[in-house]
Amino acid sequence: MNEIEAQGSGHDIVNVDVNEHLSASARRRIRESVPASTRRAYAGDWSRFALWCIEKQRFHLPATAATLAEYVSHLADEGKASSTIERAMAAITVAHASADLPPPNTRPAHAVLRRHRAELAEAGRGVRKAKAVTITALRAMVDTLDISTIAGVRDRALIVVGFALGARRSELAALNIADLTFTGDGLQVTIRRSKTDKESVGRTTALPYTSRPATCPVRTVQAWLDALAARGEASGPVFRRIDRHGNLGRAPHGRGETSGRLTGQAVAIIVRRTAQRAGLDAASAFSGHSLRRGFATETHRQGKSPLRIARHGGWKDGSATLAGYIEDADQCEDNALTDVGL
């Protein structure tokens, strides 16, 4: 075994296995390779699992396959969505890996989860899909915002640029002012990292000026940046928290960065709240993802190619998710039965 001897003045010799040593910087990068929002979600999932194990007098670390399957069944009994249960299973697996322990066999847990999905479908409670923000809905949402307030200016820019980018809520929350470049043609937006960009290659998306000032991504973002500049903010996060008094910054007891950056959850809340204020049908079904879904739906309806849509919004070429959005949009407008002579 390759060992090194470290001897400090006045200290005993300590043998360290150099092959097993991780520096503080390496540990930090490993930890931060997972997005902060995911780390927070995993921490909550793991805490709930550990408490459940204590209540049931089961070991949580290491957990057995039977314990994991029982926990999945417990979450199913509580009516949790399948996506929530999948994330809990991922958190438990990650916790074991972090402790250098083999994760429990997930086969029994996955069998429980499959049956739970079937039960939800049989009960008419299938996978919930975010409702797409159409152009009509987008205009209605923007019209309901009071842009004489700083919150209204922020929310308008957030909703419009979120739709125009086809962005994920995490991508919107992560934007920095340095990621925005204004040109004679419009706005260049750099997405430094995204869910499907594991290597952080990044992408740059061009947003042109559009005909309606209220829904023009270039003008609405510029108005928001002007509002920030008027308050001495010329760098840092684009979209920030605003308290009820119109002050920028972190909420006193809120989660998130000290810079006041909005979280992905906050983006979803703003979208849903604005949809409700606009009186849109099924407003509760709107979420942060509604902007991305709406972008895919509306650009497809205008005849844009799936490849162009995918590359603009950061989907992989041939994305099954994007294909599903397009298929949903086509169900009535381009139905397979249309004009067949029935």
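- Between the side chain of R169 and the main chain of S287, no donor-acceptor pair closer than 3.5 Å is present.
- Between H96 and P102, the closest side-chain pair of non-hydrogen atoms is not below 4.5 Å.
- T299 contributes atom OG1, which lies 3.5 Å from atom CD1 of I309 (distance to the nearest 0.5 angstrom).
- Put simply, the side chain of R168 never gets that close to the backbone of G264: no donor and acceptor are under 3.5 Å apart.
- Residues W46, F49, L61, L68, Y71, V72, L75, I85, M89, I92, L101, V112, L113 make up the rest of the hydrophobic cluster containing W52, defined by ILVMFWY side-chain heavy atoms closer than 4.5 Å, directly or through other members.
- Taking 4.5 Å as the limit, every side-chain heavy atom of P104 sits out of range of all side-chain heavy atoms of T64.
- I147 and L138 fall within the same hydrophobic cluster, where Ile, Leu, Val, Met, Phe, Trp and Tyr residues are linked whenever their side-chain heavy atoms come under 4.5 Å apart, directly or through other members.
- Taking CZ of F182 as the start and CG of L187 as the end, the distance is 5.0 Å to the nearest 0.5 Å.
- The distance from atom CG of L307 to atom CH2 of W315, rounded to the nearest 0.5 Å, is 12.5 Å.
- A donor-acceptor pair is defined here as one N or O able to donate and one able to accept, closer than 3.5 Å; no such pair exists between the side chain of R240 and the backbone of L248.
- Contact check for V218 versus P208: no side-chain heavy atoms found under the 4.5 Å cut-off.
- Side-chain N or O atoms of R272 include none that pairs as donor or acceptor with a backbone N or O of V267 at under 3.5 Å.
- Judged by distance alone, with hydrogens and angles left aside, the side-chain atoms of H300 form no donor-acceptor pair with the main-chain N or O of S305 at under 3.5 Å.
- Between V160 and R156, some side-chain heavy-atom pair lies under the 4.5 Å cut-off.
- Ionic pairing of R192 and E171 is not present here: no N-O contact between side-chain nitrogen and carboxylate oxygen is shorter than 4.0 angstrom.
- In this structure, R261 contributes its side chain and A173 its backbone to a donor-acceptor pair below 3.5 Å.
- Using cut-offs of 30° and 60° on the angle between ring planes, the pair F295 and H312 is parallel.
- T274 places a side-chain N or O within 3.5 Å of a backbone atom of I270 that can act as its donor or acceptor partner.
- I269 and F286 are assigned to two separate hydrophobic clusters, defined by single-linkage of ILVMFWY side chains at heavy-atom distances under 4.5 Å.
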Point to revise | Trace of the side chain to side chain contact (heavy atoms under 4.5 Å, CB included) decision for V238 with L172 | key: CA-CA 8 Å; V238 174; L172 286 173; over 6 Å; no
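- Nearest heavy-atom pair, R107 versus N105, reported as atom, atom and distance to 0.1 Å: N-OD1, 2.8 Å.
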Review point. Does the salt bridge (Lys or Arg N to Asp or Glu O under 4.0 Å) test come out yes or no for R115 and E122, once each step is laid out?
Key: CA-CA 10 Å; R115 182 55 199 159; E122 290 164 1; 3.3 Å; yes
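- Counting only distance, with no hydrogens or angles, the side chain of D179 and the backbone of N176 share a donor-acceptor pair below 3.5 Å.
- If you take CD1 on I150 and NE2 on H245, they are separated by 14.0 Å, rounding to the nearest 0.5 Å.
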Practice item. Begin with the C-alpha distance, continue with both residues' side-chain angles, and end with the deciding distance and a verdict on side chain to side chain donor-acceptor pair (under 3.5 Å) for T183 and D185. Key: CA-CA 5 Å; T183 69; D185 296 322; 4.9 Å; no
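- Listed for the T297 side chain is a donor-acceptor partner under 3.5 Å among the backbone atoms of R293.
- Between R231 and N247, the side chains place no donor N or O within less than 3.5 Å of an acceptor N or O (distance only, hydrogens not considered).
- Minimum interatomic distance between T144 and R277 (heavy atoms only, all atoms of both residues): OG1-O, 3.6 Å.
- E298 places none of its side-chain heavy atoms less than 4.5 Å from the side chain of V133.
- Minimum heavy-atom separation, L207 to A164: CD2-O, 3.5 Å.
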Point to revise | Audit row: M141, V271, side chain to side chain contact (heavy atoms under 4.5 Å, CB included) steps and yes/no | key: CA-CA 9 Å; M141 290 167 70; V271 172; 4.1 Å; yes
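- For the pair L280 and A137, the tightest heavy-atom approach, listed with the atom from each and the gap, is CD1-CB, 3.9 Å.
- Considering every non-hydrogen atom in both R203 and G313, the closest pair reads NH2-O, 3.2 Å.
- Note: I159 CD1 to T220 OG1 = 10.0 Å, rounded to the nearest 0.5 Å.
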Exercise for review: Would you check, one step at a time, whether the test side chain to side chain contact (heavy atoms under 4.5 Å, CB included) holds for D155 with W224?
Suggested key: CA-CA 9 Å; D155 292 354; W224 168 237; over 6 Å; no
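- Atom CD1 of I242 and atom OG1 of T149 lie 7.5 Å apart (nearest 0.5 Å).
- Counting only heavy atoms from C-beta outward, the side chains of Y42 and R87 approach each other to under 4.5 Å.
- One hydrophobic cluster, built from ILVMFWY side chains closer than 4.5 Å, holds both L175 and L225.
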Practice item. With salt bridge (Lys or Arg N to Asp or Glu O under 4.0 Å) as the test, would you mind laying out the steps for E86 and K80 before giving the verdict? Key: CA-CA 10 Å; E86 285 179 329; K80 301 297 185 185; over 6 Å; no
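- Using modelled atom types, one finds a donor on one side chain and an acceptor on the other under 3.5 Å when comparing T67 with R58.
- Looking only at side-chain heavy atoms (C-beta outward), L180 and T190 stay at 4.5 Å or farther from each other.
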Practice item. Kindly determine whether R212 and V142 satisfy side chain to side chain contact (heavy atoms under 4.5 Å, CB included), including the steps that lead there. Key: CA-CA 11 Å; R212 293 173 177 258; V142 167; over 6 Å; no
